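Read through the structure below, which is laid out as structure tokens, and then see the notes.
Keep in mind that the numbers below use all heavy atoms, side chains included, and drop hydrogens, waters and symmetry copies. Every chain is numbered from 1, with letters handed out A, B, ... down the list of sequences. Note that this is a predicted model, so its numbers are computed, not measured.
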2 protein chains.
Amino acid sequence: MRARTTIKDVAEAAGVGVATVSRVLSGGSASQQTRERVLAVAAQLDYRPSALGRNLRQRRTGGIGLLIPDITDSFYGRLADGVLACARAAGEPVIVGATGDDAEGEAEMIGILLEQGVDRVVAVPSGDTEPWAPALRAGMTVVFADRRVNGRDDMVGAIPAVLADERSGVRTAVEYLVGLGHRRIAYLGGVGQSGRAAAFRDTLAALGVKIDEELIVFGRATRDSAYAAASGLFQHRPDLTGVITGGNMLGEAAVLAARELDLRVPRDVSLIMFDDVPWAELCAPPLTVIAPPARDIGYRATELVLRTPGRRTRPVRLPTELIIRGSCGPRR
Amino acid sequence: MRARTTIKDVAEAAGVGVATVSRVLSGGSASQQTRERVLAVAAQLDYRPSALGRNLRQRRTGGIGLLIPDITDSFYGRLADGVLACARAAGEPVIVGATGDDAEGEAEMIGILLEQGVDRVVAVPSGDTEPWAPALRAGMTVVFADRRVNGRDDMVGAIPAVLADERSGVRTAVEYLVGLGHRRIAYLGGVGQSGRAAAFRDTLAALGVKIDEELIVFGRATRDSAYAAASGLFQHRPDLTGVITGGNMLGEAAVLAARELDLRVPRDVSLIMFDDVPWAELCAPPLTVIAPPARDIGYRATELVLRTPGRRTRPVRLPTELIIRGSCGPRR
DNA sequence: GTGAAAGCGCTAACAG
DNA sequence: CTGTTAGCGCTTTCAC
């Protein structure tokens, strides 16, 4: 990095003290005349205040940390986009880390953020409570996005969160399927997303449909695991007529597995995926989905973390939308 | 941010000077005995050196900047993933910014990076040379990924780049289509990606197929613009039998437009997309694609920027792969 | 081998 | 209203 123009250079060139320059640039009091001169000189010298110096002095960085499981996943990509948009509006840099959705990666990234002095982070937590202990101890302001951590008696449980309203999303989808005449409906979810499974059970119960635990299965959010789970489900229970899947990875697996097993959608099986992605519309038939507001979740979480909210317990829940396309039909 | 443990705390607790602590932690010389004691105390106090202090002192940040047009786009997501992976291996934080693929957004993000003292950046440039002037002036090390900027007599033109070998990718695809008997092949590209169009023309010429300029059209990488371009192409020239599209946005548009116009793939028209995405396999029929090594591009570019290479002129070109699925057939 | 001291660029007291 | 000064946490001479 070449020698940069410092506040001292500006001060000298403008014939004032460094403090004056600092004041002018941060909107403090100064005479009109001085202000103009300083501003002119600063512009002329192409002066940019060093965030390093400022942050060190103020013992805090302006930056925001963003921790997501996988930047490659469409859902997290959209969430990240919301975070970047909000941060940019606030002029804040964003340090992004991919955790791989495991505690180890999460802990490592948190360590890096701590080292950088980043004191505000938006995160899709891996589910483990331990990695967050050092962060909280250091006084980081954190807001969870899309997921919460079931902090037992822990502080982690009190971290504010911005979530999709999955309960109502799943409920709407189940009601839709049941309304179409389906009774043997499966839920293919991601491990750790027990909220959706619970909503699935509750809705079925409320509608008087018997709950078949064998139809509730989980897979990890990797292609292989998801495919294995989907394929296993279809083969084990060829009598099912409808499936609701968790995230896009599971949805993709379900589409692929159904095709592989020569199951026709929606004639043989109706499909609803929890997540809307570009390819949902390209599918044949186009996929009916529960669309979570991924981008908004990121945006809102960032707003929250920027406002340094007092610990709040009630998570913010953003509405989902059932987008009906062509993957559901009446019970065969 | 709560008061953090500083090097001074460690020094006092270990009964040594701060300089000694600094040396021990950065692998300098120290007696075995001292080293052990310092390390023990540091661990016990959960000490993390502040990157802020270090960076200020050394007048450089360790961090890496990453500038991409749109984090939501699968291709850039995979590229970013490669960058994050390499950076993580090096223990470096990554500040990422979405430029929106325009000079203004790019300039703004470069400004933020400059302010943060980030001196190494990997970027997918918007195409404009101006935003980079301040960065270069400040002595930033930059490596371009996926695209270059045609620096006229400019320094920007000398910035190292890691690219997909689009020439050979496009050539392979054209040869494949021509081998299938197609002669009226269209190219639907992104504005600014003239390299691919050139490769398209060259290959056609080499194979003795007449070049029809009307079949070479461009769209911007937005859903609307891409769809308009694709739809216009199909309607204007119903005689075409094959299409090669630029990035996934154009490919998606082509699939949608073809469906809308009741063109059967591959019976009526054969389709090849430049980019491999999850949905390519879910499409009906599954899409044949030219797969660029997006992740590798990001990874390599980061390696390069980390090694602070001397300006090199030859861009690194990474091979693409033609993945044959089901969207191409013999000429009807 | 080790400690004291000088800053890196900046802001916040504190004087004037 | 403005300049001087003291650090923020760290690395790096420079003596000892």
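Closest approach of A:Val18 and A:Lys8 over heavy atoms only: CG1-CA, 3.8 Å.
Out of C:dG3, C:dA12, D:dG9, the shortest distance to the side chain of B:Arg23 is found at C:dG3. Listed candidates were C:dC10, D:dG9, C:dT2. Nearest to the side chain of B:Arg57 is D:dG9. Relative to the side chain of A:Val16, the nucleotides D:dG9, D:dC1, D:dG3 differ in distance, and D:dG3 lies closest. Side chain of B:Ala19, nearest nucleotide from C:dA4, C:dG9, C:dA12: C:dA4. The side chain of B:Val18 approaches C:dA5 more closely than any other nucleotide in the set D:dC10, C:dA5, C:dG9. Distance from the side chain of B:Leu56 is smallest to C:dC8 among C:dC8, C:dG3, D:dC1. Nearest to the side chain of A:Ile7, among C:dA4, C:dC8, C:dT11, sits C:dT11. Comparing D:dG9, C:dT2, C:dG9 by their closest approach to the side chain of A:Ser50 singles out C:dG9.
Nearest-nucleotide mapping onto DNA chain C: of A:Gly53 and B:Val21, the residue sitting toward the 5' end is B:Val21.
Taking side-chain N and O atoms only, B:Arg54 has a distance below 4.0 Å to OP1 or OP2 of D:dT11. Checking the phosphate oxygens (OP1, OP2) of C:dT11, a side-chain nitrogen or oxygen of A:Ser22 falls inside 4.0 Å. Between A:Gln58 and C:dA12 there is a side-chain N or O to OP1 or OP2 distance below 4.0 Å.
A salt bridge links A:Arg137 with B:Asp46; the closest basic N to acidic carboxylate O contact falls under 4.0 Å.
Heavy atoms of A:Ser26 sit nowhere under 4.0 angstrom from any nucleic acid atom. Within the 4.0 angstrom heavy-atom criterion, only backbone atoms of the sugar-phosphate kind lie near A:Ser31; the bases stay farther away.
Between B:Ile159 and the options B:Leu136, B:Thr141, B:Val143, a side chain to side chain contact (heavy atoms under 4.5 Å, CB included) holds for only B:Leu136.
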